[in-house]
Structure formats: C-alpha cells, structure tokens
**Q** 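Following this message is one structure expressed as structure tokens.
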Amino acid sequence: MRKRLLILGGGTGGTLLANRLRHRLDEEQLQIEVVDRDDRHVYQPGLLFVPFGLADPGEIVRPRRGQLRRGIGFHQQEIDAVSLGEQRVQLADGSSLPYDVLVVASGARLLPQETEGMLGAGWNESVFTFYDLDGATKLREALDRFEGGRLVVDIVDMPIKCPVAPIEFAFLADWFLRERGVRDQTEITLATPLDGCFTKPIASKHLTYLLDEKGIEVEVEFSAGEVDGAHGRLVSYDDRELPFDLLVTVPLHGGAAYVERSQGLGDSLGFVPTDPHTLQAHTASDVFAIGDATDLPSSKAGSVTHFEGEVLAENIERFLVGRELVSRFDGHSNCFIETGFGKALLIDFNYDHEPVPGRFPTAAGPLPLLRESRLNHLGKLMFQWLYWHVLLPGREIPLIGPEMPTAGKKTPITA
Amino acid sequence: MSTLAIETDREGFLLHADQWTPELGAEIARENGIDELSDRHWLVINFMRDRYLATGSAPSIRSLGKESGVPIKELYRLFPKGPAKLAAKIGGIPKPKGCI
C-alpha cells in the first residue's frame, strides 16, 4: 500500500530529503508532501554577504516549489500543530493532513523578542541582525553610512545557526571598514557567551590569533540580558556593559512555533529531541527530524543537513519496510570561514573530532584546513552554485560523504 | 570518603558524578566564593544534577531559566559569572557544553 510522507518545512533539509527520496522511490510506493508557510527559499549562507554589498538580496532567494522534483506535493500553509497520536498535522486554516511518516524540517526561528529591549529603541537603526533577509538588507544601509565608532557583534546565547558566521561578520567588517577608510576610527568587539570565540579549542586558538591580528576585541562569557538602544548599551546578566554605536546581534534561536505547540514533540526551546545517529525523534518512531530543527550537538548548518540527508533518506526507506535503522550519522560538519580580503579558512569536524589543520580532499584537489587561503574563498563562492544544483536536488558531492574523512588531517598528539 | 580520592578535571569539575555528596557540594561552593547555599541554590543544583543523571547532559542556562522556575537574572545573582557552569561544578556533574 502506498505510504504518505509529510515533510514540515521546505528549506535546505526538507527540500534535499524530498528530492533524494523521490529519486529513490516512485510515486506508487511513497507519496511525498512538503508543507511551508511561504514560497521563498533563502540561501542562508548568502545573508553574511548582503550587509557588505557582496550579494544582492534578490539573488539569494528562489521559489521553494521550483527546488522540488516532479512528483512532490507542496502545500503553502501555516502549521498549527502536530497530533502525534492521530498521525495528523493540523493546519492554520482548519484543515489537516494525515501522515505515515513525519519529518520535522522547519529549521530554527529567531527570537529577538526574548531579549529585553532588543526590539525597542534603535531596532533597525543602531541595532541589527543579519540573520534574516530584511535585517541584512537594512544593515547594509547602516554600514554604508557608518562613519566610525563602536561596533559590537554579539551572540546572545547558543545554539545559533552557523556558529562561525558572527566571527566571519567581524572579519568582513574589518575588511569593509578598512576599504571605506574608517577602520582607524572604529573599535570592533565580538561578544560571546562562550569562554572562547569558538567552542572547539584548536580552531578557537587559530581564530583568536586571526581576530587579534585584525585588532578585533573579544569579550568572552558575556551573556547579554538587555539591549538599551536609546543609550547605546548592551548589558550582560552579570551587569557588565558594552557601549555601542552599532550593534549587530545574533538573537536567541528556538524551534518553530508549532513544535512548541505540539504536545510531546519538542524540548523547552522548541527543538526536536533526536537520535544523534539515526535521526529518529525520541518521541515517536514514525517521526524524524533533520537540520536546524533537531536538538543535536552538531552545528546548525547546511553542510550538516546535507550529510544528515543521506542517512535520513536511507532510514526512512528502511522504516517504510520495517527494517532496522542505520546509526550512521557522525555529526559531520564542513564550513568555510570568510576572513576578509578575498580569503577564507576551511574546517571539517564531527561529534568526536574537533577541527584540526591539514588538507581536505575534494574532487577539484585538496583544500587547506584551518589556514587562510584564496582557494577556500573561491570554494565558499562556488558553494552557492553547488547548493542550488547539487545539494538541494539531493545529488552527491563527489568524495564528500556523511562520514568525516580523516585523510589529510593533522591529528594532535594528546598528552 | 576522603576528599583526596575525588578526581576532578583541570577546571575543578568532578570526573565521577557518583562521588558527589551535598557536603562536598557545599565545600566546592565555598571554594568558589559562595559561603552559604540557600534553598534557591539547592533548587538549581538539584535540578541540574537530576537532569544530568536522567539525560546524560546538563541543561544550558536558557533551558535552566525556562524549566527550573528560577529566572535567569536570579540565576546570575545566585551563581555569579556563569550560573550553569558554577551550578554544575557544585552539583558534581561535568561542565555543560555549548552546542556547536
């Protein structure tokens, strides 16, 4: 009998999973339906470039429907809640959709309203975020007008999407303001709740060195509790103050609102408790999760979602015929880190192995790991093409699979 | 059990959660500048510890604020600097990991 797979969210994870499964199973075996509230698929890595005029808002958005293979249904609907017991998803218009298998792929949601004062005086005037298209676009105007002063880049708290993006923003701001001739009149500070600029010690050391070289201050263990836009102050819970003329904030993240409304589906932050290796939700065997929507201790990043997609497609196929799931996902993550001046670093890691220096094998030749190079910057730019033409259609990237490669990595000798 | 047998990591977090006792918690608190643990302190410490023993990971400061019923501002008054970290240390469980 034909089964019905419902995928909630038509972003990176939902799209690539739908396409992979449509390729593997025909419509007689599996009906695939994707639900999303809008038809705008944003290439999120491009958001970093918008404030610096390196990408135009229009060129990083495409229709969601257009990214789905033939034979995949698309419902443009707001989701009200999931009824786990009834195997049904309630939609905001009062109708509902049944499922045999459900995948939560709704990503993470920005919660600026959860930080006192963030949406108050100065929001989108001196207080910005580049984590959505509207904010990134407005920040571009503010950076064009910026004549120097105190620029603070702040991560309110973890988890966030793309944990390296705030560091990249600081690097690119250094480059951009230098080009504009106002860097000497500018102090750049990166404030983070972590005890270093990045949680992985070896990469953190390399990145701290680069931040230092570029004259970017780092304020560690800074847990922002209040934004006072009227007086240009960012105040931590332990009453430390960072004055700013321009604040670029990464607001708190949570899961989709309907996850919070659905009895038993999410944790207190709205993320779905998920098996780290099979991607099955803890709550019910017919529910799976992918990408930023999970509670996994991996990066909330497109590369992670891509690697998860391969494992999840296999597991859904297995689940449909009652076979045992494979515990194959290892937390593999692979990120280019823009460092400004046309260069970038590359890091590659998983649940157990932190990013280390060395070389990363690709079909086009090895890329240096944890070292600035022009090649990595080109890799980052090329990735946008790969995203639309290889990742989303659910094709494989040659040589780069879900398991993290160890070849080429200089593994540190542990004492 | 003599405190000499208690193993900790470099930052002073207990390596074995089962070696912990409330008395040891009070001693770690004093070493970290909290002379007297109030009921509110214990509420947070026990919440952290129970959660760790049940799930294998300690809650972040945000989940702690949402689920323990103690607002984040108060958590910072009770456990200055890093509430989740300090409460974990006093409660004898590993340092909470920031997700990456």
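Chain naming here is simple, since letters A, B, ... match the order of the sequence lines and numbering starts at 1 in each.
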**Q** Please check if the number of heavy atoms outside A:E217 that lie under 6.0 Å from its CD is greater than 12.
**A**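 Counting other residues, nucleotides and ligands, CD of A:E217 stays at 12 neighbours or fewer.
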
**Q** Assess whether atom CD of B:E36 is packed by more than 12 heavy atoms of other residues, nucleotides or ligands within 6.0 Å.
**A**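 Counting other residues, nucleotides and ligands, CD of B:E36 stays at 12 neighbours or fewer.
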
**Q** Tell me whether A:H282 at atom NE2 has more than 12 heavy atoms from other residues, nucleotides or ligands lying less than 6.0 Å away.
**A**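 Enclosed.
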
**Q** Would you say that more than 12 heavy atoms from the other residues, nucleotides or ligands in this model lie under 6.0 Å from the CD of A:Q263, or not?
**A**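 Atom CD in A:Q263 is not packed in, count stays at 12 or less.
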
**Q** Give the member of A:D157, A:D239, A:V304, A:V164 that has the highest number of heavy-atom pairs under 4.5 Å with chain B.
**A**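 Among the listed options, the one with the most contacts to chain B is A:D157.
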
**Q** Salt-bridged, A:E114 to B:K66, with N to O below 4.0 Å?
**A**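 Result for this pair is yes, salt bridge flagged.
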
**Q** Apply side chain to side chain contact (heavy atoms under 4.5 Å, CB included) to A:E221 and B:K85, showing your working.
**A** CA-CA 11 Å; A:E221 295 185 316; B:K85 238 165 84 172; 2.6 Å; yes

**Q** What part of A:D267 lies closer than 4.5 angstrom to a heavy atom of chain B: side chain, backbone, both or neither?
**A**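 Neither part; nothing is under 4.5 Å.
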
**Q** Using side-chain heavy atoms (C-beta onward) and a distance below 4.5 Å, is B:Y76 in contact with A:S223?
**A**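 Side chain of B:Y76 against side chain of A:S223, heavy atoms only: contact under 4.5 Å found.
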
**Q** Are side-chain heavy atoms of B:K95 and A:D195 found at a separation under 4.5 Å?
**A**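 A side-chain contact exists here, since the closest heavy-atom pair is under 4.5 Å.
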
